[in-house]
Each structure stands twice: as C-alpha cells, then as structure tokens.
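All ligand and atom numbering here is 1-based and tracks the order in the structure.
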Amino acid sequence: MMIRIRLILIATIIAFVISNYLFGQQNLTNSQIEEKVNLLLSEMTLEEKIGQMVQYSGTSPKYEQMIREGKIGSFLNIRGATEANRLQRIAVEETKLGIPLIFGNDVIHGYRTIFPIPLAEAASWDPDLVEKAASIAAKEAASEGTHWTFAPMVDIARDPRWGRIAEGSGEDPYLGSVMARAKVIGFQGDELADPFTILACPKHFVAYGGAEGGKDYNTVDISERTLREIYLPPFKAAVGAGAGSIMSAFNEISGIPASANELTLTDILRGEWGFNGFVVSDWNSIGELVSHGIAADPYEAGYKALKAGVDMDMMGNVYLISLSELVNEEEIHEESINDAVRRILRYKYRLGLFEHPYINPDCTKDVILNEKHLDTALKLARESIVLLKNEKKILPLKKDLNAIAVIGPLANDREAPLGSWACEGKSKDIIPVLEGIKNKVSSKTKVLYAKGCKVEGGNRKGIQKAIKIAKKAKVVIIVVGENADMSGEAASRAFLDLPGIQVELVKAVYKTGIPVVVVLMNGRPLAIPWIVENVPAILESWFLGVQCGNAIADVLFGDYNPGGKLPVTFPRSVGQVPIYYNHKNTGRPLNKFSKYTSKYIDLPSSPQFPFGYGLSYTKFNYSNLRINSGKISLSDSLVVEVEVKNHGDRTGDEVVQLYIHDLVASVTRPVKELKGFLRITIAPNEKRNVKFVLYPEQLGFYNCEMEYITEPGKFEVMVGGNSVDLVKTTFEIEQSSN
Ligand code: BGC
C-alpha cells in the first residue's frame, strides 16, 4: 500500500515537473498571479509601468535601446524564433526587472498554412472546423514565437464596398457570434500557458464596419440600438468565450472615436460584460484622436484614451510621451496606470512568458505546413465554396472530357488565393486552379490555358487566344474576380462589378457557344448581373488559401458536393447597398403594384443572391415543421423541429437555418433574424429530423430604455436552406400571470 502511494506521489511530481516545463505557468492560480503582479508592480518605476503599455512594430537599434530602458513591453510584426528570442533576451536579461515582451501578429486566417479568408470560412457555417483552423494557426504561429494574434476580426459588415468585409464573418450578428466564439476557443485552447496556444484579440471594437459609404476609416453614425443589436454581439460572444484582449477601432461612433469611447470600452465592455483582459489600440488610433478633432495634442489624446479604457498603445507614440507628464501634473492618477499594467502583466503570466520567455527554434519542425494542417485547409476550403448557379446540371463535370479550356486572369494565379492578411503565407504554397484541374482530370484530357486579360486594366490582346482555345474545348472554366489587395484594409471600392475588362472576356468566351463555368475569386460580394443571367454555372470561391486549386477541382468534378452558404447578401447593383436580410419592414413595405412603397423604380428590391443562399448537386426538401407548443411563457423554451430530405442521388451537406420574426413589439423589429443553424450531411433519400431549442432570451431586443427584454406577443419561426425559401409557423409568448 505504502509503495503504491509513494509511486503515485512520484508520478504526480514527475507529471507536475513535465507539465510545468512544457506548459509554463499553467499551475498558477488567479490569486497567485495577482500576488506576483502586485509584487512586480510595487518594484516598477512610473516609466517602467508606462513601458508595459507601449507597443512598436518591427525592430531597430532605437527600439532595442528602448527595451533596455524598460520603455517597450510589446512588439508586433516580429516573426521567427531567432528574432523573437534576440529581442526577448534584451528584455529578460538586460533590464532591471526582466519582464518578458509579448509578441503580437495578425494571424487572421492561418499563419503559414493559409486557410480561406474569414468571409469564406463563415460561408462554411461550420464552427467546429473553423475552430480547428484557428487552433492550427495558433500552433504554427506559436512555434515561431508569436504569443498573441490580432484576431478574430468580428466586425459585422453590411456594405460590400468596405474592403474589410473580407476579414470578418459577414452581415449577421448571430453567425458572426458563433464564428467569433469558435475562433477565440481555437486560438486560445483550454490553457493559454500551453506553448501552442495564443492570446486572441477580437477587433475592431467597435462598429468599424459601419463606415459611411463603405469607405475605410470613415465616420460611423449609428443608433445605440444598432450598436447593441448588430455590432456588439460578436464581441460579446468573443468575450464570453474568454478572449483575453480586445483592439479598439479607428472609427468614431456617433461623435466619439472608438479609442476614446468610455461607453463602449468601459461601461459596456468591462461594466456590463465583465471583461477583465486588456485593450490595445489599433495602429496609432490614439494618436489619431488629434485628427478626429477631439484632442488638441498627444497629451490630450493619451488622457482621453486611458480614461476611456485603452491599456496599450499600438505604435505607442502617445502613451510613451504623454502619460508620465499627465501623472506628474496630476491630470491622471497613477492608479489608472497601475490598473492598465496589471491587466497586461496578468496575461504575460497566464501565457507562461515569465517561466518560458524563449521559443525553441526546433519547435517549428513538423508544425509548419504539416500534412494534417493542409488536410484541414482542404476540408475548410471545400466547405467554403458556394455554388451560386448550376443550370441544366452542367456541374459536376466529367473527368474524362477530351479537352477543357481554363481561362482567366486568376486561373493560374498564386497570389490572389492568399487573400489579404496572409501572415507568413507564401505564393509558392498555393495550388492554383489550373494545377488543381490538371491533377484531377483523366490522363487523356487536354487542359488548355489562356489568361485572357489581367484583373485590372484594359489590355484586350489576350482575348483572341482565349476564344481560340475555348473553341477547342468541351467546356470552359473561367476564373475571374479581384486581386487579393482589392479587399482588406484601405481597399474600399466604389464599384462592385468585376474590375477591368473581365466581363468582356467572359462575354467573348460565352459567345463561342461552348458551355461556360465561371469561378469567382473575390473578397466581397460582387454585382455581376450579366454573368448571373447568362452563364449557366457559377461557383463562388472567395480566396481559399493554400488548397485553393484542389478544393475547386474537387467541386468542379464532383469529388465534393458543395454545401457552403452566403454569409452576406449579394446585391444586383452597388446602388442597392447597404442591403441585408435582417432589415426592417418599414411603414410601406415593397408592393410592386403600388408606387408609393419602399423600392427602386429602376431595379428590383430583391438581392441577386440572398443571405444564407447556396446550391448543392442534390436537392433538399423541408417538411413537417413542428413546435412543441403554440404558446410558451417567458420561462419556457420552444422546441422547433423540421424534416430535411435529400431528394437527389448524391450525398450532400445542407445548412439548416432557423429565423424568427417578432411580429409586434414596442420597437420595430427586423423581418427576419437568424437564431440557429446546423450543417448536416444527408445521404440520398435519407430524411433527417433537425431540432432547435429557442430560449426566450434569444427572442429579446433592446427597449426604449436600452434594456434587453423579451416581450410577450406573437412570433413567426421559419426554417429553410436560405433566408428566403422557408417553411414557417407561429407561436406566442404569453404574458406572465403575476
Ligand atoms: C489594422 C489592424 C491590425 C493592425 C496591426 C491596423 O492597420 O487595422 O487590423 O491588427 O494594423 O497590423
């Protein structure tokens, strides 16, 4: 007995030592961390404290000297173990207190193994796989010395002109919240001290996507209701999932810039949601308070940002120069600095940086571009593809056609599939569409290729060759769209059509009479009415990352049945923008027989493709929608069930979507609100019963006093495969009797 106890004890000690070696500080409790933080803080000068609140990008001898002086606590854009360790050594070994640096990077959709851009990931409607992709990104990034990612980007975007729509999950707060949560969990894992997890930083707090005219950095003027009901929920979900940091945005929100906004940064984030992580500004967004015109100089900017709740100054030219003077002049109390530094230091402890400040350079072995990572990238890329049109079942194609023409400026492009913010992604890792197709078809199939034209510009010289090879083929696959840098930051567009002469190329090839399949590559919804009307098959592939060509070929040739759904509405024309499914009814909803109703006189009001839309090579049928009760009380839940049958001859994925409509309320409510979804795989002729549970708190909204309430009354509940084709029923929330 004694021997067994002793053995158990020894085993426990060994496990403790190993896990402590591997996972740094995982065994520190919150109160131990608190003790350490306070002790450290008591030994720090004011300048050293401010240093922890300062972050710079890249290295320089000047920055290195500043590390020695305790004036920098964090860097961004340092990649690779050698550089990270070199700088870390200065912080740990050459400063009085040896406080480690925290290295942040934009690990947005993969580190070296590049996954589909976030908008595409959202089109998978598969949070589990998105979580897995984030955990792989974390692992690769951590293995090269990154501790912290400036992701997920959870900004709701209802305006496709805004280039940063590519970086988020689209237009819907519910889908956005599910994806936000999945990514935070993926990046942070169970334990931040695990050497292969990284700290998440949901951004850009908040309402950055509401930029007027879709122009990046532009003014945002929204009601508090829109702020709370549309823009805040994904952040709330990210905080609920344990995100340890948040980035304050560039934009103003109805007069107060986000990086000086007490309502959002303190009252809501910390007060209402109990966030206890730290807030980093976006790149110089504190300095830009001067340009916004709410601060006369960096001193006032620093004062306002700190007071609002920004703890760390990215590209910290403001905090570094202003904070000590502000304390000395008694404009701000040193305790506010202490609070900010505490929040930052806590995460340096939680990440295990004090115990394991350095990264083992051998760590990357078998991690970067690992087979399993590439496999997940392929799965996610396939799931992200949305089949927009497939007339006469032109798709999937046969693999043994004798000749296929692959045309278009993006058909053999290795840059675009990386998308914006591709971190360490390399074009050499990309499988372009042409290569994917060549690998897929039979050995006797000739694959002919012509670029046709460039994405931008008006050079028509290549069009004739494209026509010539099209005529030799049984089918033409044309890959058109945008370059990677046409979406993302500072890449707003005033037009949403295909740039350059790409439509002309499509028209010229279409005129040959050879069947055409258009593959779109783009970082935003496009307005492509001629193509939609004329071309029989269209695939939306976004920017799919390293496995782009393989995933597209799998779909084109039927090895994978597409099941992605649009996370954002596609307009018919830029004039319809902003256009989103969860709009209000208005007092004069569209009635095509009545002039004085809400519509355009020169374009239908409906979108080109609605939110949630996407086809499959099979057909799904919805029937037998049931609810457990027509009347529920405020303390009950509603069970909604529906049968989904695969009527085709192929197995396929369907994303079953549930929407509600609060018919009469004390404030106007959207005509539809997504409240649940599930991606399922259904075999031919199989019928699946899908069940959702709705709780009254999911049916609420912000009343006139900005309190979140659920009101009794009638609701519609709708289920279907997109936001338009739905089966529906009604139920009522009863007034409580007391
Ligand atoms: C972007 C952020 C990004 C930061 C650091 C800024 O310009 O708005 O999204 O995280 O740069 O690269």
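Of the candidates Asp339, Ile337, Asp311, Leu306 forms a side chain to side chain contact (heavy atoms under 4.5 Å, CB included) with just one, namely Ile337.
With 3.5 Å as the limit, one finds a donor-acceptor pair spanning the side chains of Tyr581 and Asp172. With no hydrogens or angles considered, a side-chain donor-acceptor pair links Asp216 and Trp162 at under 3.5 Å. Using modelled atom types and a 3.5 Å distance limit, the side chains of Arg350 and Tyr347 yield a donor-acceptor pair. Glu191 and Thr197 are not linked by any side-chain donor-acceptor pair at a separation below 3.5 angstrom, with hydrogens and angles left out of the test.
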Acceptor/donor pairs from residues 126-134 side chains to any protein atom, 3.5 angstrom cut, sequence neighbours excluded:
unit_1: Asp126; atom_1: OD1; unit_2: Asp128; atom_2: N; d: 3.4
unit_1: Asp126; atom_1: OD1; unit_2: Leu129; atom_2: N; d: 3.3

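Residues lining ligand 1 at a heavy-atom distance below 4.0 Å are given as Leu76, Asp106, Phe150, Arg164, Lys203, His204, Met247, Phe250, Asp282, Trp283, Met314, Trp421, Glu489, ordered by chain and residue number.
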